[in-house]
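First up is the structure itself, then whatever we jot down about it.
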Amino acid sequence: MSPSLCLLSTLLLCYFHATQGAPPPQQGPNCRTRPTDLVFIIDSSRSVRPSEFEQAKVFLSQVVESLDVGANATRVGLLNYASSVKNEFSLKTHKTKASLLQAIKKVQPLSTGTMTGLAIQFAINHAFTEAEGARVRSPDISKVAIVVTDGRPQDGVKDISARARESGIEIFAIGVGRVDLNTLRQIASEKLDDHVDYVESYSVIEKLSKKFQEAFCAMADLCSSGDHDCEQICVSTPGSYTCACRDGFTLNEDGKTCNACGASAIDLVFLIDGSKSVRPENFDLVKQFINQIVESVDVGEKKAHVGLVQYSSSVRQEFPLGRYNSKKDIKSAVKKMSYMEKGTMTGQAIQYLIDNSFAISSGGRPGVAKVGIVFTDGRSQDYINDAALKAKELGYKMYAVGVGNAVDEELRMIASEPVAEHYFYTADFKAMKEIGKKLQVKICVEENPCECESIVKFQTKVEELIQSLTKKIEAVSKRITALENKITV
């Protein structure tokens, strides 16, 4: 079978599958937030600059925008604190979203000390009381406090936070910059992974608004909002969704992606920022992120090969392509990777990827699709443009994943076209899991979604049958010829 015929047959097969799909799923209800008494407790101590306080207010406004505000829906209060606590407005003050947003705009920083414990005490004694508009404790009404702080408190928070939680208040703790992470853990409700968030600076705090928009959403049509990982068809269920595939495709084990002809070979290299700004606890999350992607890859000698490179002020190959041929061995090697710290030389790392990682001497396979995933949490200390352009010119599929203070312009320079499909950013390391889910869907080899294997097998079988039939016809012809000769004689 000629390569051109194979390609044509494949394209026709994939076109048929793509155009004969199931009808789109029905749209579910829009997001509705359950009735909540929500109090923001915002640090405006002298360490918070006026411009940073404005960015914190943008975050508050974005969360409020997603709420159903009203006397019988969600009520919102705001405590502004430094050395003292100022009740900017209580749960009973504003009945509409518009008036709430206007009130947030008018809030000004106090610019003194940091009495976080005092602010939480004020929330218990005043903000969450019936006199200030709080509703009677009930399973139908959530009591939520969101604490935003950027430093170490000058008073104790452990005991008063425990009292707040015991009274039925669910506490989210958001830390910015040089905040003490242990303080955040003492403040927050369990599970800590869900209730503690950290961002490098106020300039990226608004990135957390989506998390809280989802947290307050009691019922959502995640399919219509596009907030799902389904490759082909998303089917809405109350507050959730399931994935399905078009006719001719089957759902893979991940429950998200679809398969028509089988997996292709791929050379996949992770390029991981190990600079000191990442921090040891976050580096463990990065390793979990890598293994999340590895879990979705079909690893094998003739399938996917995985390599890992870590960089900071220098570049270190952790393991080359093809060293490990099982997911178990790859994940074990990832877990053993030690943290380099130091600087951020992203350009040097991408050049290493070009010169070494995909080279035949390092396990790169000729004719196999090359995919690079570059992870970074900050601005590169060297020039990246030339190396980033060269990688894409060589045909490498490049994904850029940024966290925290990663620079948008640099991530877009690294990412392949279309950039929107190859560029990912989150303000918080804990949210990397969601990026991992999206990458799991995309890492499959897009260049060869349907291989010719099944068509070639069919063609080979037909040719074998024809050859067999031809031999039988030749044998019969010889017998007929022999019989005719006998009759003639």
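Computed from a predicted model, the values in this text were never measured in an experiment. All heavy atoms count here, side chains included; hydrogens, waters and symmetry mates do not.
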Quick one: are [X] and [Y] in side-chain contact, heavy atoms under 4.5 Å?
X	Y	result
V148	I205	yes
L79	N87	yes
M398	V374	yes
L411	F424	no
V204	Y425	yes
M337	F283	yes
C243	E231	no
E65	L101	yes

Restricting to side chain to side chain donor-acceptor pair (under 3.5 Å), what partner residues turn up for [X], sequence neighbours left out?
X	answer
E170	H195
D329	S326
Q102	none
K143	D37

Would you say [atom1] of [X] has more than 12 non-hydrogen atoms from neighbouring residues, nucleotides or ligands within 6.0 angstrom?
X	atom1	value
K287	NZ	yes
E281	CD	yes
N72	CG	no
K392	NZ	yes
K327	NZ	yes

Hey, are [Y] and [X] close enough side-chain-wise for a donor-acceptor pair under 3.5 Å?
X	Y	value
S357	Y352	no
S362	N356	no
Y423	D408	yes

- Contacts of Y202 that satisfy ring-ring contact (aromatic ring centres under 6.0 Å, His included) - sequence neighbours left out: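 If we apply the ring-ring contact (aromatic ring centres under 6.0 Å, His included) test to Y202, skipping adjacent residues, there are no hits.
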- Item | For F319, ring-ring contact (aromatic ring centres under 6.0 Å, His included) partners two or more places apart |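 ring-ring contact (aromatic ring centres under 6.0 Å, His included) check on F319 returns Y324.
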Checking the side chain of [X] only, and the main-chain atoms of [Y] only, is there a donor and an acceptor separated by less than 3.5 Å?
X	Y	result
Q348	Y311	no
R135	T36	yes
E206	Q62	no
D273	T346	no
S189	I171	yes
T112	S83	yes

Do you know which two heavy atoms are closest between [X] and [Y], and how far apart they sit?
X	Y	answer
G343	S313	N-OG, 2.8 Å
A82	S111	CB-N, 4.4 Å
M340	S312	CE-OG, 3.4 Å
G378	T344	O-CG2, 4.4 Å
L321	L268	CD2-O, 3.5 Å
S44	F53	CB-CE1, 3.4 Å

- Passes side-chain hydrogen bond (donor to acceptor under 3.5 Å, both in side chains), R379 versus S277? Steps please. CA-CA 10 Å; R379 182 182 295 275; S277 60; over 6 Å; no
Measuring from atom [atom1] of [X] to atom [atom2] of [Y], what distance do you get when rounded to the nearest 0.5 angstrom?
X	Y	atom1	atom2	result
Y81	T114	OH	OG1	6.5 Å
F89	R75	CZ	CZ	14.5 Å
S275	M345	OG	CE	12.0 Å
D377	K276	CG	NZ	12.0 Å
I293	I330	CD1	CD1	13.0 Å
S142	I169	OG	CD1	12.0 Å

- Query: Who passes salt bridge (charged side-chain N to carboxylate O under 4.0 Å, His left out) against E132, sequence neighbours left out?
  - Reply: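 With neighbours one apart ignored, the set is empty.
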According to salt bridge (charged side-chain N to carboxylate O under 4.0 Å, His left out), does anything in [range] pair up with another residue at least two apart or in another chain? List the pairs.
range	answer
residues 93-112	none
residues 155-166	none
residues 172-183	R152-D180
residues 45-62	E54-K57

- ring-ring contact (aromatic ring centres under 6.0 Å, His included) partners of residues 126-154, not counting sequence neighbours, each pair once: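 Output for this query lists F122-H126.
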- Task: Walk me through it: do L181 and R279 pass the test side chain to side chain contact (heavy atoms under 4.5 Å, CB included)?
- Result: CA-CA 12 Å; L181 294 177; R279 298 186 178 187; 3.9 Å; yes
- Item | Residues I174, F212; criterion side chain to side chain contact (heavy atoms under 4.5 Å, CB included); working and verdict | CA-CA 11 Å; I174 300 175; F212 289 97; 3.6 Å; yes
- Query: With under 30° as parallel and over 60° as perpendicular, where do the rings of H422 and Y399 fit, or are they tilted in between?
  - Reply: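 Tilted: the ring planes of H422 and Y399 meet at 30° to 60°.
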- Item | Step-by-step side chain to side chain contact (heavy atoms under 4.5 Å, CB included) determination, L285 to F289 | CA-CA 6 Å; L285 294 176; F289 165 77; over 6 Å; no
- Task: Would you please test L353 and V309 for side chain to side chain contact (heavy atoms under 4.5 Å, CB included) and show each step?
- Result: CA-CA 8 Å; L353 185 81; V309 174; 5.6 Å; no
